[in-house]
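Below is one structure; the comments refer to it alone.
Indexing begins at 1, ligand by ligand and atom by atom, following the structure's order. Sequential numbering from 1 along the given sequence is applied to the chain's residues.
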Amino acid sequence: MENFKIDVDGDGIALVTFDVPGRSMNTITGSVMRDLVQLTDTVKSDDKIKGVVITSGKASGFCAGADLGEMNQRGAGDASAPKSEEEKLKAQFEGSFTLNKTLRALETCGKPVAVALEGLALGGGLEIALACHYRVAADNPKIKFGLPEAKVGLLPGAGGTQRLPRLIGVQNAAMMILQGADKSPQEAKSLGFINEVVPAGTTVEAAKAWVKANPKAVAPWDVKGYKVKDHPFTPGGGMASVGGNAMVSKQTNLNYPAQRHILSCIYEGTQVPIDAALRIESRYFVKTANTPQAKGMIRSLFVSMQALSKGGNRPQGIPEYAVKKVAVIGAGLMGAGIAYVQAKAGIETVLLDVSQEAAEKGKAYSKRIVDKDVSRGKLTKEKGDELLARITPSTDYALIKGSDLVVEAVFESPALKAEVTKKAEAFLGETAVFGSNTSTLPITGLAEASVRPKNFIGIHFFSPVERMGLVELIRGKDTTDETVAKAIDYVLKIKKTPIIVNDFRGFYTSRCFGTYPAEGVEMLMEGIAPAIIENVGRQCGMPMGALEVSDSVGLDTALKIGKTNAELNQQDYKKDPRAAMLSWLVEDKGRVGRKGGKGYYEYGDDGKPTRIWPGLAEKIEVKTKECPPALKEELTKRFLFRQCIEVARCFEEGVITDPRDADVGSILAWGFAPYSGGCISYIDLFWGTKKFVEEADRLADKYGDRFRPNKLLRDMAAKNESFYERFGAKKAA
Ligand code: NAD
């Protein structure tokens, strides 16, 4: 066995050390599964072994669960040569049931098995531990135990949905599994799935002592008369099943099949003996793993996100850039947030504005966050002071000297940005990077003000900077690979996820994101009741209703963009009914959106929307007041297709080139239905390009050319090719 080492001591207790070679953390790979079968056979058949203690050879913890990277490539189960659909499912079931069968064999091997947990046990790692008769954990509140599979659209498939409810009751287990929540050793002990918590470094000793004292150990559910706490046929359990279903439906809008399958697994499995229960779990596991949601979520939310946050899209062969000092110009909303995340990451930060007062105000933003964290015990006063000491607010551009990078975040004006660029570059070294946080202005144009356009790049943050995980890096015409690599190193240092796009008005994120609120306005103008538009928007997985998004962005901003576009196309903007409507709202009615307290919505004193503005009725006659399922489906398609088609156009125009960037960007930047794995995965996995194009053509015939598939999509549909095949075969996860 390459992953487990067995040492039998004088008492016949086998210490099994789990240690996957060449990895910093144990995960469950195909090879580990094969070894577990052999380990179980050895434990059972070797007479010298009287009992077993399993532990980890890694300082990082016990085991982080299934190897999702491997699973992403393989799909559910190892069905490499599927024949019919039925045979494929059967092979997948057998593949996924193997681990359940093995762990059950270990549990019933007739010898006591304990596990000594000095570090984290998550997913399959915790499931191995749950299949042991006794669990000892080190007393360290930082250790996490949990079943996080639901977060990537899966369910625990190695007994977790069956053993956890049997140990801690149906209600507690359902909550923990549905939320993918983790628990500390003490919490786990009080819930009842850890038996003993002992000082760190003594778990093996304690586990051995238990094994010695309990030669005849069996699992609680193998003792006659065992009953699952609050199983569905108890009054509390019955209520919990009904309530649980309602809660999951409300929270997920039925977009996440894993959530419902988890409830079904627990409901069905806790009514039958464990062996049948494990088969039920394996069946639901295969069913869940085969959903496009699981495939999309594993790929984008886990594999790609991990790859990108390790520099997976960084140009190769360029040495790592040590970013120690960065100047931020403009201490407004964005600059203040950028200064905070930099200082938090240990970067010496110069924060410049036009007056000392404005610069200090920008720094005060960090102080507010730090004070809050200190008062909540999340940060020590000392560390907080250190963080703040890294930010130097000033008006003196000479302080830029020695900076590795500059982030410009002044007002969105090309002339001002040009002036600031020139002023800053006078103090900037030859190899330093100049980044502009512009949200719309083409980078190539801004770089004209630079003496070193090859070092010039767009570094587009999202608001609020400290909470938004994405940074969009925009290459200008002259931006070099070296500059991109350096900017990526900066983004990784401040612990954000970078995506790389090419220069275009609105770049990638602002351009595609705008199609969602725009479609909402189209629906409004067709006479669909605003409540239907907003509810369907949220129910199809978007974080807010489309009209609410328009209000958040600012109706005046949308009007300005509309006017600019009309000018570019030499049109009278008022001839466009959407622009006319915006002009009526903004110019006639003074409704600029959330920031002004009035837009499509009315707002309360707390800034939260209270209701749709009834005055809309002056302009719009509501014709559709009911939303039967067929209409909901149609509106859902309109919302999602519209965004995806814009993303496909971005690929055709070369604005974006890596499907991972497109998928992760769509989820992190504008919250595109996360269950889909992102816009590209929605096309690839939920439809396939062929069907997607057919459906988009139907929508275009009915609603207009904004839905018309581009040449690229048609080309791919003709070959039945996916985006990941065409654009990401080598690079993408
Ligand atoms: P803001 O109005 O809050 O801040 C701009 C700051 O720049 C002000 O404090 C101003 O005093 C300062 N400034 C002006 N001229 C200066 C100069 N010559 N030298 C130094 N400082 C100067 O604006 P913001 O919302 O922080 O936006 C800044 C940039 O970030 C814009 O280009 C904007 O498009 C972009 N952006 C904004 C958002 C957002 O959500 N607000 C998101 C992404 C990008």
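- Here the heavy atom of the protein found nearest to atom 32 (O) of ligand 1 is Glu412 OE1, 2.5 Å.
- Under 4.0 Å from ligand 1, the heavy atoms of His460 that appear belong solely to its side chain.
- Distances shorter than 4.0 angstrom do not occur between any heavy atom of Lys361 and any atom of ligand 1.
- Close approach of ligand 1 to Ser439 (heavy-atom distance below 4.0 Å) involves ligand atoms 33 (C), 34 (O), 35 (C), 36 (N), 44 (C).
- Note that Lys401 lies outside the cation-pi zone of Phe427, set by a 6.0 Å cut-off to the ring centre and a 45° limit from the axis.
- Listed by atom number, the atoms of ligand 1 under 4.0 Å from Leu416 heavy atoms are 14 (C), 15 (N), 18 (N).
- The heavy atom nearest to atom 3 (O) of ligand 1, out of those in Leu333, Ile338, Leu446, is found in Leu333.
- For ligand 1, the atoms sitting less than 4.0 Å from at least one non-hydrogen atom of Ile329 are 19 (N), 20 (C), numbered in the order shown with element in parentheses.
- Taking distance alone, with nitrogen or oxygen atoms compared against 3.5 Å, Gly335 stays at or beyond that limit from ligand 1.
- When each atom of ligand 1 is checked for a heavy atom of Thr438 under 4.0 Å away, the hits are 32 (O).
- Shown here is Lys595, whose NZ atom has more than 12 heavy atoms of other residues, nucleotides or ligands within 6.0 Å.
- Evaluated for a side-chain hydrogen bond (donor to acceptor under 3.5 Å, both in side chains) with Asp663, the options Ser676, Ser681, Ser304 yield exactly one hit, Ser681.
- The contact set between ligand 1 and Lys417, taken as ligand atoms under 4.0 Å from a residue heavy atom, comprises 31 (C), 32 (O).
- In Phe461, the part holding a heavy atom less than 4.0 Å from any atom of ligand 1 is the backbone.
- Atom 4 (O) of ligand 1 has Gly332 CA, 3.2 Å as its closest protein atom, hydrogens excluded (heavy atom only).
- Of the heavy atoms in Leu441, none comes closer than 4.0 Å to ligand 1.
- The CG atom of Asp551 sits 8.0 Å away from the CD1 atom of Ile612 when rounded to the nearest 0.5 Å.
- Remark: minimum distance from atom 44 (C) of ligand 1 to any protein heavy atom is reached at Asn437 O, 3.2 Å.
- From the protein, the heavy atom lying nearest to atom 18 (N) of ligand 1 is Val420 CG2, 3.6 Å.
- Checked against the 6.0 Å centroid threshold, Trp670 and Tyr508 count as a close aromatic pair.
- Taking the centre and axis of the six-membered ring of Tyr601, the NZ or CZ atom of Arg611 falls outside the cone set by 45° and 6.0 Å.
- Residues passing the side-chain contact (heavy atoms from CB on, under 4.5 Å) test with Glu412 are Lys417, Thr438, Ser439, Thr440, Leu441, sequence neighbours excluded.
- Looking at atom 17 (C) of ligand 1, its nearest protein heavy atom turns out to be Val354 CG1, 3.6 Å.
- Less than 6.0 angstrom separates the ring centroid of Phe727 from the ring centroid of Phe651.
- For atom 11 (O) of ligand 1, the nearest non-hydrogen atom of the protein is Asp353 OD1, 2.6 Å.
- The proximity of Ser463 to ligand 1, defined as any non-hydrogen pair under 4.0 Å, is limited to the side chain.
- Here the heavy atom of the protein found nearest to atom 39 (C) of ligand 1 is Met334 SD, 3.6 Å.
- Phe411 CE2, 3.1 Å is the protein heavy atom nearest to atom 2 (O) of ligand 1.
- Distance check, rounded to the nearest 0.5 Å: OG of Ser510 to NE2 of His460 gives 4.5 Å.
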Report task. Please assess Tyr600 against Glu534 for the test side-chain hydrogen bond (donor to acceptor under 3.5 Å, both in side chains), listing each intermediate value before the final yes or no. Result -> CA-CA 11 Å; Tyr600 288 112; Glu534 297 300 82; over 6 Å; no
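- Using a 4.0 Å cut-off between charged nitrogen and carboxylate oxygen, Lys454 and Glu482 do not count as a salt-bridge pair.
- Distance check: Ser550 OG to Met544 CE gives 10.5 Å after rounding to the nearest 0.5 Å.
- Between the side chain of Asn253 and the backbone N or O of Asn255, no donor-acceptor pair lies under 3.5 Å.
- In this structure, atom 24 (P) of ligand 1 is in close contact with the protein, since a protein heavy atom lies within 4.0 Å of it.
- Residue Thr440 does not touch ligand 1, judged by heavy-atom distances below 4.0 Å.
- The neighbour count for Lys637 NZ, taken as heavy atoms of other residues, nucleotides or ligands under 6.0 Å away, is above 12.
- Under the 4.0 angstrom criterion for non-hydrogen atoms, Ala409 is in contact with ligand 1.
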